[in-house]
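Encoded as structure tokens, the structure appears first; notes follow it.
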Amino acid sequence: MKSKSSSRKTSFIPRSILRTIGKVRQAFDPQAESKLVEEFRVSQQRTLFSVRFLLILVVVPLLINQLSRNFVISPLVKALWNKEEAVIFLNSSQEERALAELKRFEQAIYFESRLNQAPKISNELLQKKLKEKAINLIKKYKNETTGAVINVFADLFSLFTFIILVVAGKQQLYTVKTFIDDIIYGLSDSAKAFLIILSTDLFVGFHSPYGWQIILEGTLKRFGLPENKDFIFLFIATVPVIADTIFKYWIFRYLNRSSPSAVATYRSMNE
């Protein structure tokens, strides 16, 4: 077995010459033109099919989200939610933000009165303005709470729709994967290195913790969850490290084997 494998690896004629002979033979093939046209048609159909399926995966869940939000979930939540006894705050983070806004408003009143050299504001007028501000904050956070409940159910509808599309289109998904692989591995070495550096700097780079913090705080706020700083910092301390390990493993395992020149370009650009 070893002798056979060694005889396959070594040859009297260099492989480059064999490849050149193969290309010349293919060029003189009378059916070469028809084969190229057929390959182009197959590639074109695969591209159109992949783009169409990707659009379906993006557009259909978004459409379901908006339709369910506006015509099903929002009317039900507003009808079943008792406006007189509705919960104003879903978590302590909302209470802290409302209290901070009220304190800033009170400080702004004192600051404006001193800045304009106006007479000292009376306690009654101050309490009246604070009461009006508190009523506006109650309305604001009631709407935020209702919106968070609507977001949870609308996004669940979108998630279920996406899962159904993926499960029902396994064959289409394989075609899309092949299409994306052709695009990625068909890029030039400098383009591959640029995309790798851009991705790693965005998700696992020096400035990525700030981006992760903004994304996590916005996500928690969207679904009415408490903005737990410990959870956010723990996520930032672990997930980018795992992502960095996956990137390095992919570079070492796959890209280094399929395109070693791209890895060399990446290392030289990253230094």
Side-chain angles (χ1 to χ4, degrees), residues 58 61-62 64-113 121 123 125-163 199 201-244 246:
V58 174
L62 291 177
I64 294 296
N65 185 293
Q66 294 301 318
L67 292 176
S68 62
R69 177 191 301 273
N70 296 326
F71 298 104
V72 179
I73 301 172
S74 182
L76 284 176
V77 170
K78 291 179 180 179
L80 298 176
W81 201 273
N82 191 343
K83 295 183 179 180
E84 298 298 329
E85 300 178 359
V87 177
I88 301 174
F89 304 109
L90 285 176
N91 52 68
S92 59
S93 299
Q94 289 181 327
E95 295 182 13
E96 292 174 0
R97 283 192 278 116
L99 182 60
E101 287 187 46
L102 193 62
K103 286 184 177 179
R104 284 196 300 268
F105 179 76
E106 183 179 3
Q107 293 172 356
I109 293 176
Y110 284 117
F111 180 74
E112 289 179 0
S113 63
I121 187 170
N123 188 32
L125 182 60
L126 176 63
Q127 294 300 323
K128 182 181 178 181
K129 289 186 176 182
L130 289 177
K131 185 177 181 180
E132 292 176 354
K133 181 63 176 179
I135 292 173
N136 292 330
L137 288 175
I138 289 173
K139 292 180 181 178
K140 173 184 175 181
Y141 283 95
K142 272 187 178 180
N143 293 331
E144 184 176 312
T145 299
T146 306
V149 175
I150 294 173
N151 289 334
V152 170
F153 288 102
D155 290 352
L156 282 176
F157 271 101
S158 299
L159 179 62
F160 289 148
T161 304
F162 181 80
I163 293 174
S199 302
D201 286 347
L202 281 176
F203 296 105
V204 298
F206 177 74
H207 300 287
S208 64
Y210 304 103
W212 281 113
Q213 184 174 357
I214 293 173
I215 293 173
L216 290 173
E217 289 178 353
T219 303
L220 295 174
K221 184 178 177 181
R222 173 179 175 82
F223 297 120
L225 298 174
E227 299 167 22
N228 192 327
K229 297 295 182 182
D230 294 334
F231 167 75
I232 293 175
F233 293 149
L234 180 63
F235 185 96
I236 293 173
T238 55
V239 173
V241 176
I242 297 172
D244 184 48
I246 293 173

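Please read all numbers here as calculations on a predicted model, not as lab measurements.
- Asn136 contributes atom CG, which lies 12.0 Å from atom OH of Tyr141 (distance to the nearest 0.5 angstrom).
- Taking 4.5 Å as the limit, some side-chain heavy atom of Gln94 sits within range of a side-chain heavy atom of Asn91.
- Counting non-hydrogen atoms of other residues, nucleotides and ligands closer than 6.0 Å to CZ of Phe89 gives a total above 12.
- Between Leu220 and Asn228, the shortest heavy-atom distance links the atoms CD1-N, 4.3 Å.
- For the side chain to side chain contact (heavy atoms under 4.5 Å, CB included) with Ile236, the qualifying choice from Thr238, Ile232, Leu234 is Ile232, the only one to do so.
- Within the model, atoms CD1 of Ile150 and CG of Asn70 stand 9.0 Å from one another, a figure rounded to the nearest 0.5 Å.
- Counting heavy atoms from C-beta on, the side chains of Ile73 and Phe157 come closer than 4.5 Å.
- Between Phe235 and Pro240 the shortest heavy-atom distance is O-CD, 3.5 Å.
- Side-chain contact check for Lys140 versus Arg97: every heavy-atom pair is 4.5 Å or farther apart.
- One finds the CD1 atom of Ile138 at 11.5 Å from the OG1 atom of Thr145 (value rounded to the nearest 0.5 Å).
- More than 12 heavy-atom neighbours from other residues, nucleotides or ligands sit within 6.0 angstrom of CZ on Phe105.
- Counting heavy atoms from C-beta on, the side chains of Lys133 and Glu106 never come closer than 4.5 Å.
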Take Arg69 and Asp155 through the test side chain to side chain contact (heavy atoms under 4.5 Å, CB included) and record every step on the way to the result.
CA-CA 9 Å; Arg69 177 191 301 273; Asp155 290 352; 4.2 Å; yes
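- A distance of 8.5 Å separates NZ in Lys103 from CD in Gln107, rounded to the nearest 0.5 Å.
- The main-chain N or O of Pro61 is never found under 3.5 Å from a side-chain atom of Asn65 such that the two would form a donor-acceptor pair.
- The number of heavy-atom neighbours closer than 6.0 Å to CZ of Phe223, taken from other residues, nucleotides and ligands shown, is above 12.
- For the residue pair Gly224 and Ala148, the shortest heavy atom distance occurs at N-CB, 3.6 Å.
- In this structure, NZ on Lys128 lies 12.5 Å from CG on Leu126, to the nearest 0.5 angstrom.
- Formation of a donor-acceptor pair under 3.5 Å by the Thr146 side chain with backbone atoms of Lys142 is found in this model.
- If you take NZ on Lys221 and OG1 on Thr219, they are separated by 12.0 Å, rounding to the nearest 0.5 Å.
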